[in-house]
Amino acid sequence: MATTKKPRRVRYWLMKSEPGVYGIDDLERDGWTYWEGVRNYQARNLMREMKVGDPVLFYHSSTKPLGVAGLARVKREAYPDDTQFDPQSPYYDPKSVESEPRWYRVDVEFVARFERVVTLAELKADPALDGMLVTRRGQRLSVQPVEERHFQRVLELAGHPPA
DNA sequence: GCCAACGTTGGC
DNA sequence: GCCAACGTTGGC
C-alpha cells in the first residue's frame, strides 16, 4: 500500500539575539547563519522541532529599540552544535561527549529586514497579541513558538506581507 | 528528591 | 545598574 505522507503544518517561531553580538544586519549580510550557543534545554528542545522552511521572527534583545527586527526562515534542521566540544569556544560544555551530543543548532536564513523595528512596547500594547510569549514579563526563552495569528499580526504591524 | 544558593537573562 | 524571574547546582 502506498503511504501518503501528510505534509506537516508549518510552525512559527521567534528567536532572540543581541544585535551587538549578531543582529538582522549581520544576517542580511551573511545570507544565513548557524544558530549556535543555545545552552538551555527548553530552547534546545524547541529547536529540534523546527523544520526547514518554518518562518522565524528575528528579535533584538538587550538593545534599543527592543523588538522584532526582521523575518528569517529555518534552512537546516537541528544537528549537533560543534562549539560544545571546542575548549576555545565560549559555548564549550566540558560535560558534553561527542557520542552523545547535548546541544544542537539549526541554520537560519535571511528573508527580510523590516522597514522599522516592531517594538516590544507595541507588541505588549496590541490586544491582538495577548498571550504571545515574548510579551510576558520574565520570559527568557531565546527560542519561542509563536501562534500563527500572532505571527501574521506582527508581520502586519511591520508592513510585511503574510508568511 | 528537596531546596537553598548561585548564576544568567534580559527588561526596566 | 538594578533586580525579577528563572534555570542549574550541589549539599543533605
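In what follows, chains are A, B, ... by sequence order, proteins preceding strands, each numbered from 1. Note that the structure is predicted; figures quoted are calculated from it, not measured.
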What residues, two or more places apart in sequence or in another chain, satisfy ring-ring contact (aromatic ring centres under 6.0 Å, His included) together with A/F110?
-> none
Only one of A/Y91, A/Y41, A/Y34 passes ring-ring contact (aromatic ring centres under 6.0 Å, His included) with A/W103, and that residue is A/Y41
Outermost nucleotides of DNA chain B that come under 4.0 Å of a non-hydrogen atom of chain A | B/dG7 to B/dC12
All heavy atoms of A/G23 vs all of A/H60, minimum pair found to be CA-NE2, 3.5 Å
Could you work out the complete set of other residues in the hydrophobic cluster of A/L57, with links drawn between I, L, V, M, F, W and Y side chains under 4.5 Å apart?
-> A/V10, A/Y12, A/L14, A/Y59, A/L66, A/V68, A/L71, A/V111, A/F114, A/V118, A/L120, A/L123, A/L129, A/M132, A/V134, A/V146, A/F151, A/V154, A/L155, A/L157
Output the residues of residues 98-108 of chain A in contact with DNA chain C, where contact means a heavy atom of the residue under 4.0 Å from an atom of the strand; sort by number or write none.
-> none
Counting any heavy atom closer than 4.0 Å, what does A/K64 reach on the DNA or RNA strands: base, sugar-phosphate only, or nothing?
-> nothing
Could you check which residues of residues 119-131 of chain A get a heavy atom under 4.0 Å from DNA chain B? Sort them by number, please.
-> A/L120, A/K124
Looking at residues at least two apart in the chain, or sitting in another chain, which of them share a ring-ring contact (aromatic ring centres under 6.0 Å, His included) with A/W35?
-> A/F58
Could A/D93 and A/R39 be called an ion pair, given the rule that one side-chain N must be under 4.0 Å from one carboxylate O?
-> no
Salt bridge between A/R116 and A/E122, side-chain N to carboxylate O under 4.0 Å?
-> yes
Test salt bridge (Lys or Arg N to Asp or Glu O under 4.0 Å) applied to A/D54 and A/R76, A/R73, A/R8, the passing residue | A/R8
Which part of the nucleic acid does A/Q42 contact within heavy-atom distance under 4.0 Å: base, sugar-phosphate only, or nothing?
-> sugar-phosphate
Salt-bridged, A/R105 to A/D82, with N to O below 4.0 Å?
-> yes
In Å, rounded to the nearest 0.5 Å, how long is the span from CG of A/D26 to OG of A/S17?
-> 8.0 Å
